[in-house]
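Below is one structure; the comments refer to it alone.
Values in this document were obtained by computation on a predicted structure and should not be read as measured data.
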Amino acid sequence: DLEVKAATNSLEGGVMFHLEIDDIENQLDYSDILDTLYLRLFHSFGYLEAGLLKTEWGKGDGYHVVDPLNPFIQSGKVRTDLNATKRAELMVAINFYIAKQGLLELVYKPFFHPTEISAEGRWAVIDPAAIPGFSEIVPPDTGTLEYSQGAARITGSLGPIDLGALYYYGFFSEPGYAFTTAFTGINPLDPSHYTTTTDLVYTKAQLFGAEAAAALGPFTLRAELGYWLSEDRDGTVPELYNDRFVYLGGADIMIPGTSLFL
(Lines give C-alpha, C1' and ligand atoms only; values in the text may rest on other atoms or scores of the structure.)
Protein backbone atom coordinates (compact mmCIF):
# COMPACT_ATOMS: atom_id res chain seq x y z
CA ASP A 1 0.00 0.00 0.00
CA LEU A 2 1.06 3.56 -0.72
CA GLU A 3 -0.89 6.48 0.73
CA VAL A 4 -0.25 10.14 -0.09
CA LYS A 5 -1.97 12.96 1.82
CA ALA A 6 -1.87 16.73 1.75
CA ALA A 7 -3.77 19.09 4.05
CA THR A 8 -4.34 22.70 5.04
CA ASN A 9 -6.43 24.08 7.90
CA SER A 10 -9.70 23.56 5.97
CA LEU A 11 -8.87 21.20 3.12
CA GLU A 12 -7.52 17.67 2.93
CA GLY A 13 -6.86 15.41 -0.02
CA GLY A 14 -5.49 11.93 -0.33
CA VAL A 15 -4.91 8.96 -2.58
CA MET A 16 -4.11 5.35 -1.76
CA PHE A 17 -2.66 2.75 -4.12
CA HIS A 18 -2.85 -0.98 -3.48
CA LEU A 19 -0.91 -3.64 -5.36
CA GLU A 20 -0.24 -7.29 -4.53
CA ILE A 21 2.47 -9.57 -5.89
CA ASP A 22 -0.12 -11.89 -7.45
CA ASP A 23 -1.59 -8.95 -9.42
CA ILE A 24 1.63 -8.18 -11.27
CA GLU A 25 1.17 -11.21 -13.53
CA ASN A 26 -2.22 -9.91 -14.73
CA GLN A 27 -3.11 -7.06 -17.05
CA LEU A 28 -4.04 -4.13 -14.81
CA ASP A 29 -5.86 -0.86 -15.23
CA TYR A 30 -6.12 2.08 -12.84
CA SER A 31 -9.10 0.60 -10.96
CA ASP A 32 -6.98 -2.41 -9.96
CA ILE A 33 -4.32 -0.21 -8.35
CA LEU A 34 -6.19 2.92 -7.19
CA ASP A 35 -7.79 2.11 -3.83
CA THR A 36 -9.23 5.49 -2.80
CA LEU A 37 -9.07 9.09 -3.99
CA TYR A 38 -10.76 11.86 -2.03
CA LEU A 39 -11.00 15.56 -1.29
CA ARG A 40 -12.39 16.74 2.07
CA LEU A 41 -13.43 20.30 2.93
CA PHE A 42 -13.92 21.19 6.61
CA HIS A 43 -16.26 23.83 8.00
CA SER A 44 -17.66 24.77 11.39
CA PHE A 45 -20.92 22.88 10.71
CA GLY A 46 -19.21 19.71 9.46
CA TYR A 47 -17.35 18.64 6.36
CA LEU A 48 -17.87 17.80 2.70
CA GLU A 49 -16.06 14.92 1.01
CA ALA A 50 -16.06 13.66 -2.56
CA GLY A 51 -14.17 11.16 -4.67
CA LEU A 52 -13.64 7.42 -4.80
CA LEU A 53 -14.50 6.58 -1.21
CA LYS A 54 -14.94 3.62 1.09
CA THR A 55 -17.37 3.89 3.98
CA GLU A 56 -17.97 1.63 6.95
CA TRP A 57 -21.40 1.84 8.53
CA GLY A 58 -22.57 -0.26 11.44
CA LYS A 59 -21.26 -1.28 14.83
CA GLY A 60 -20.17 -4.81 13.91
CA ASP A 61 -16.49 -5.70 14.16
CA GLY A 62 -15.41 -5.86 10.51
CA TYR A 63 -18.57 -7.50 9.17
CA HIS A 64 -21.82 -5.54 8.81
CA VAL A 65 -25.38 -6.01 7.59
CA VAL A 66 -26.25 -2.30 7.40
CA ASP A 67 -23.28 -1.17 5.30
CA PRO A 68 -24.70 -0.85 1.75
CA LEU A 69 -22.57 1.75 -0.05
CA ASN A 70 -19.52 -0.22 -1.18
CA PRO A 71 -19.83 -3.58 -2.99
CA PHE A 72 -17.41 -6.39 -2.29
CA ILE A 73 -14.91 -7.70 -4.83
CA GLN A 74 -15.16 -11.46 -4.30
CA SER A 75 -13.62 -12.53 -7.59
CA GLY A 76 -10.22 -13.36 -6.13
CA LYS A 77 -8.65 -14.79 -3.06
CA VAL A 78 -10.20 -14.46 0.38
CA ARG A 79 -8.94 -11.60 2.53
CA THR A 80 -9.29 -11.36 6.28
CA ASP A 81 -9.70 -7.57 6.08
CA LEU A 82 -13.20 -7.17 4.67
CA ASN A 83 -12.74 -3.44 4.18
CA ALA A 84 -9.89 -4.20 1.78
CA THR A 85 -12.26 -6.26 -0.39
CA LYS A 86 -14.59 -3.31 -0.88
CA ARG A 87 -14.69 -1.44 -4.15
CA ALA A 88 -14.19 2.31 -3.76
CA GLU A 89 -17.22 4.10 -5.19
CA LEU A 90 -17.70 7.56 -6.63
CA MET A 91 -19.77 9.48 -4.10
CA VAL A 92 -20.39 12.86 -2.52
CA ALA A 93 -21.10 13.11 1.21
CA ILE A 94 -22.11 16.05 3.41
CA ASN A 95 -21.56 15.47 7.11
CA PHE A 96 -23.16 17.70 9.75
CA TYR A 97 -22.07 17.82 13.39
CA ILE A 98 -24.99 17.39 15.80
CA ALA A 99 -24.72 18.42 19.45
CA LYS A 100 -21.44 17.28 21.00
CA GLN A 101 -20.89 13.82 19.55
CA GLY A 102 -23.58 13.34 16.94
CA LEU A 103 -23.13 13.19 13.17
CA LEU A 104 -25.60 13.34 10.28
CA GLU A 105 -24.28 11.92 6.99
CA LEU A 106 -25.97 12.51 3.63
CA VAL A 107 -24.55 10.55 0.70
CA TYR A 108 -25.20 10.57 -3.04
CA LYS A 109 -23.82 7.93 -5.41
CA PRO A 110 -24.39 8.60 -9.12
CA PHE A 111 -23.52 5.07 -10.26
CA PHE A 112 -24.07 1.51 -9.09
CA HIS A 113 -21.72 -1.48 -9.14
CA PRO A 114 -22.75 -4.94 -7.94
CA THR A 115 -20.72 -7.43 -5.96
CA GLU A 116 -18.07 -9.00 -8.19
CA ILE A 117 -18.02 -12.79 -8.09
CA SER A 118 -16.10 -15.56 -9.84
CA ALA A 119 -17.71 -17.97 -12.29
CA GLU A 120 -14.64 -20.13 -12.79
CA GLY A 121 -11.56 -21.29 -10.95
CA ARG A 122 -10.98 -21.95 -7.27
CA TRP A 123 -13.18 -19.11 -6.01
CA ALA A 124 -16.21 -19.75 -8.25
CA VAL A 125 -19.54 -19.31 -6.48
CA ILE A 126 -21.86 -20.06 -9.42
CA ASP A 127 -22.00 -22.84 -12.01
CA PRO A 128 -22.26 -21.34 -15.52
CA ALA A 129 -23.50 -24.67 -16.85
CA ALA A 130 -26.64 -24.28 -14.75
CA ILE A 131 -27.49 -20.90 -16.30
CA PRO A 132 -28.80 -21.05 -19.90
CA GLY A 133 -26.92 -18.77 -22.28
CA PHE A 134 -24.47 -17.67 -19.58
CA SER A 135 -21.63 -17.00 -22.03
CA GLU A 136 -23.84 -14.62 -24.01
CA ILE A 137 -25.06 -12.53 -21.07
CA VAL A 138 -24.42 -8.82 -21.53
CA PRO A 139 -24.58 -7.10 -18.12
CA PRO A 140 -26.62 -3.88 -17.99
CA ASP A 141 -24.71 -0.62 -17.95
CA THR A 142 -25.03 0.43 -14.31
CA GLY A 143 -22.63 3.35 -14.73
CA THR A 144 -25.49 5.71 -15.59
CA LEU A 145 -27.59 8.14 -13.57
CA GLU A 146 -30.50 5.74 -13.89
CA TYR A 147 -28.76 3.73 -11.17
CA SER A 148 -28.19 6.65 -8.78
CA GLN A 149 -28.47 5.96 -5.06
CA GLY A 150 -28.91 8.02 -1.93
CA ALA A 151 -28.39 7.38 1.77
CA ALA A 152 -28.59 9.08 5.14
CA ARG A 153 -27.23 8.06 8.53
CA ILE A 154 -27.37 9.63 11.97
CA THR A 155 -25.18 8.51 14.86
CA GLY A 156 -24.66 9.64 18.43
CA SER A 157 -24.07 8.52 22.00
CA LEU A 158 -26.34 8.08 24.97
CA GLY A 159 -24.17 7.50 28.02
CA PRO A 160 -22.14 4.33 27.41
CA ILE A 161 -24.25 3.39 24.37
CA ASP A 162 -23.46 4.39 20.77
CA LEU A 163 -26.56 4.45 18.57
CA GLY A 164 -27.23 4.91 14.89
CA ALA A 165 -30.00 4.78 12.30
CA LEU A 166 -29.77 4.83 8.52
CA TYR A 167 -31.75 4.82 5.29
CA TYR A 168 -30.56 3.73 1.85
CA TYR A 169 -32.32 3.87 -1.51
CA GLY A 170 -30.64 1.84 -4.21
CA PHE A 171 -30.27 -1.78 -5.23
CA PHE A 172 -29.46 -5.22 -3.91
CA SER A 173 -25.81 -5.91 -4.70
CA GLU A 174 -26.59 -9.46 -5.93
CA PRO A 175 -27.84 -9.95 -9.51
CA GLY A 176 -30.98 -11.77 -10.52
CA TYR A 177 -31.31 -13.85 -13.67
CA ALA A 178 -34.26 -13.29 -16.02
CA PHE A 179 -34.86 -16.19 -18.42
CA THR A 180 -36.73 -15.67 -21.70
CA THR A 181 -37.65 -18.63 -23.89
CA ALA A 182 -38.64 -18.06 -27.52
CA PHE A 183 -39.86 -20.46 -30.20
CA THR A 184 -37.25 -20.34 -32.96
CA GLY A 185 -38.00 -23.49 -34.95
CA ILE A 186 -40.82 -25.16 -36.84
CA ASN A 187 -41.84 -27.96 -34.47
CA PRO A 188 -43.49 -26.77 -31.21
CA LEU A 189 -43.08 -30.25 -29.72
CA ASP A 190 -39.32 -30.33 -30.20
CA PRO A 191 -37.45 -28.74 -27.22
CA SER A 192 -34.45 -28.02 -29.46
CA HIS A 193 -36.62 -25.58 -31.43
CA TYR A 194 -36.76 -23.25 -28.42
CA THR A 195 -34.03 -20.81 -27.45
CA THR A 196 -33.52 -19.48 -23.90
CA THR A 197 -31.70 -16.21 -23.27
CA THR A 198 -30.63 -14.83 -19.90
CA ASP A 199 -30.43 -11.23 -18.71
CA LEU A 200 -28.98 -9.81 -15.51
CA VAL A 201 -31.26 -7.57 -13.49
CA TYR A 202 -30.76 -5.71 -10.22
CA THR A 203 -33.54 -5.30 -7.71
CA LYS A 204 -34.44 -1.79 -6.55
CA ALA A 205 -34.71 -1.71 -2.78
CA GLN A 206 -34.67 0.44 0.33
CA LEU A 207 -32.79 -0.39 3.52
CA PHE A 208 -33.95 0.80 6.93
CA GLY A 209 -31.31 0.08 9.54
CA ALA A 210 -30.36 0.55 13.18
CA GLU A 211 -27.12 -0.09 15.05
CA ALA A 212 -25.92 -0.01 18.64
CA ALA A 213 -22.83 -0.70 20.71
CA ALA A 214 -22.30 -0.52 24.46
CA ALA A 215 -19.19 -0.75 26.64
CA LEU A 216 -20.07 -2.44 29.93
CA GLY A 217 -17.02 -3.17 32.06
CA PRO A 218 -14.85 -5.71 30.22
CA PHE A 219 -17.65 -6.35 27.69
CA THR A 220 -18.43 -4.58 24.43
CA LEU A 221 -21.84 -5.50 23.02
CA ARG A 222 -22.70 -4.90 19.36
CA ALA A 223 -25.87 -5.21 17.31
CA GLU A 224 -27.17 -4.32 13.86
CA LEU A 225 -30.68 -4.73 12.44
CA GLY A 226 -31.93 -3.90 8.98
CA TYR A 227 -35.02 -4.37 6.82
CA TRP A 228 -34.71 -4.46 3.02
CA LEU A 229 -37.90 -3.32 1.29
CA SER A 230 -37.85 -4.72 -2.24
CA GLU A 231 -39.63 -3.40 -5.32
CA ASP A 232 -41.09 -6.92 -5.63
CA ARG A 233 -42.98 -6.89 -2.36
CA ASP A 234 -45.55 -9.45 -3.58
CA GLY A 235 -42.90 -11.91 -4.74
CA THR A 236 -44.38 -12.22 -8.23
CA VAL A 237 -41.23 -11.58 -10.32
CA PRO A 238 -38.86 -14.59 -10.13
CA GLU A 239 -35.68 -12.69 -11.01
CA LEU A 240 -36.15 -10.04 -8.31
CA TYR A 241 -35.29 -10.41 -4.63
CA ASN A 242 -37.96 -10.21 -1.95
CA ASP A 243 -38.10 -8.28 1.32
CA ARG A 244 -35.85 -9.55 4.08
CA PHE A 245 -34.52 -8.82 7.55
CA VAL A 246 -30.77 -8.78 8.18
CA TYR A 247 -29.21 -8.77 11.62
CA LEU A 248 -26.12 -9.52 13.65
CA GLY A 249 -25.07 -9.48 17.26
CA GLY A 250 -21.73 -9.83 18.98
CA ALA A 251 -19.85 -9.45 22.23
CA ASP A 252 -16.18 -8.75 22.93
CA ILE A 253 -14.54 -9.39 26.27
CA MET A 254 -11.12 -8.27 27.40
CA ILE A 255 -9.23 -11.08 29.10
CA PRO A 256 -8.37 -9.83 32.62
CA GLY A 257 -4.76 -8.84 33.10
CA THR A 258 -4.06 -8.65 29.36
CA SER A 259 -4.84 -6.48 26.35
CA LEU A 260 -6.33 -9.45 24.48
CA PHE A 261 -9.93 -9.48 23.28
CA LEU A 262 -12.12 -12.52 22.72
Side-chain angles (χ1 to χ4, degrees), residues 1-24 26-64 66-116 142-145 147-157 162 164 166-168 170 173 209 211 213 224:
D1 292 333
L2 173 63
E3 185 174 13
V4 180
K5 287 184 177 182
T8 66
N9 290 336
S10 60
L11 188 65
E12 178 183 280
V15 59
M16 175 175 282
F17 300 96
H18 177 81
L19 181 64
E20 297 186 9
I21 296 297
D22 294 343
D23 296 332
I24 297 177
N26 303 320
Q27 184 175 355
L28 302 175
D29 59 27
Y30 78 93
S31 62
D32 297 313
I33 302 175
L34 183 62
D35 192 55
T36 55
L37 174 66
Y38 69 90
L39 190 66
R40 189 172 292 132
L41 177 64
F42 296 93
H43 200 274
S44 58
F45 63 80
Y47 57 97
L48 169 70
E49 55 186 347
L52 292 171
L53 304 173
K54 289 184 180 182
T55 63
E56 185 174 9
W57 285 2
K59 296 296 189 290
D61 187 3
Y63 182 75
H64 307 280
V66 291
D67 187 21
L69 294 179
N70 294 95
F72 286 110
I73 300 175
Q74 297 176 326
S75 56
K77 63 185 179 182
V78 174
R79 295 176 179 173
T80 56
D81 182 1
L82 289 179
N83 201 52
T85 68
K86 287 182 176 181
R87 173 182 176 138
E89 290 284 87
L90 181 63
M91 63 181 81
V92 178
I94 303 177
N95 305 274
F96 297 94
Y97 301 130
I98 301 175
K100 293 183 178 180
Q101 298 179 335
L103 185 68
L104 172 63
E105 304 168 69
L106 303 176
V107 181
Y108 171 70
K109 284 181 54 181
F111 311 128
F112 167 76
H113 295 98
T115 295
E116 295 183 20
T142 60
T144 66
L145 295 180
Y147 285 86
S148 293
Q149 304 140 79
R153 177 182 183 236
I154 186 170
T155 53
S157 297
D162 293 332
L166 64 93
Y167 170 78
Y168 165 77
S173 61
E211 56 187 86
E224 296 179 15

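Nearest heavy atom pair, residue P110 against residue S148, reads O-OG, 3.2 Å. The two atoms that bring A93 and L48 nearest to each other are O-CD1, 3.3 Å, heavy atoms only. In this structure, N70 and M91 approach most closely via the heavy-atom pair ND2-CE, 4.0 Å. Taking each heavy atom of P71 and E89 in turn, the nearest pair found is CD-CG, 3.7 Å. The two residues P68 and W57 come nearest to each other via the heavy atoms CD-CE3, 4.2 Å.
Here the side chains of D35 and K54 are in contact, with some heavy-atom distance below 4.5 Å. Side-chain contact between E56 and K86: present, with at least one pair of heavy atoms (C-beta onward) separated by less than 4.5 Å. Under the 4.5 Å side-chain criterion, counting only non-hydrogen atoms from C-beta, L52 is in contact with L34. Contact annotation: the side chain of L106 approaches that of F96 to within less than 4.5 Å [non-hydrogen atoms, C-beta and beyond]. A 4.5 Å side-chain heavy-atom check between L69 and K109 finds at least one atom pair inside the cut-off. For the pair Y97 and S44, the minimum side-chain heavy-atom distance is 4.5 Å or more.
Between atom CZ of residue F17 and atom OG1 of residue T36 there is a gap of 9.0 Å, rounded to the nearest 0.5 Å. Rounded to the nearest 0.5 angstrom, N95 CG and L103 CG are separated by 5.0 Å. To the nearest 0.5 Å, the span separating OH on Y38 from CE on M16 amounts to 8.5 Å. A distance of 6.5 Å separates CZ in F112 from CD in Q149, rounded to the nearest 0.5 Å. If you take CZ on R153 and CG on L104, they are separated by 11.0 Å, rounding to the nearest 0.5 Å. Rounded to the nearest 0.5 angstrom, L53 CG and R40 CZ are separated by 7.5 Å.
No donor-acceptor pair closer than 3.5 Å links the side chain of S173 to the backbone N or O of T115. Between the side chain of E224 and the backbone N or O of G60 there is at least one donor-acceptor pair closer than 3.5 Å.
A centroid separation of less than 6.0 Å is found between the aromatic rings of Y47 and F42.
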Dump the intermediate steps for side-chain contact (heavy atoms from CB on, under 4.5 Å) on L166 and V66, then the final yes or no.
-> CA-CA 8 Å; L166 64 93; V66 291; 3.7 Å; yes

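A 6.0 Å sphere centred on OH of Y167 holds more than 12 heavy atoms belonging to other residues, nucleotides or ligands.
If you check the side chains of T155 and D162, you find no donor sitting under 3.5 Å from an acceptor.
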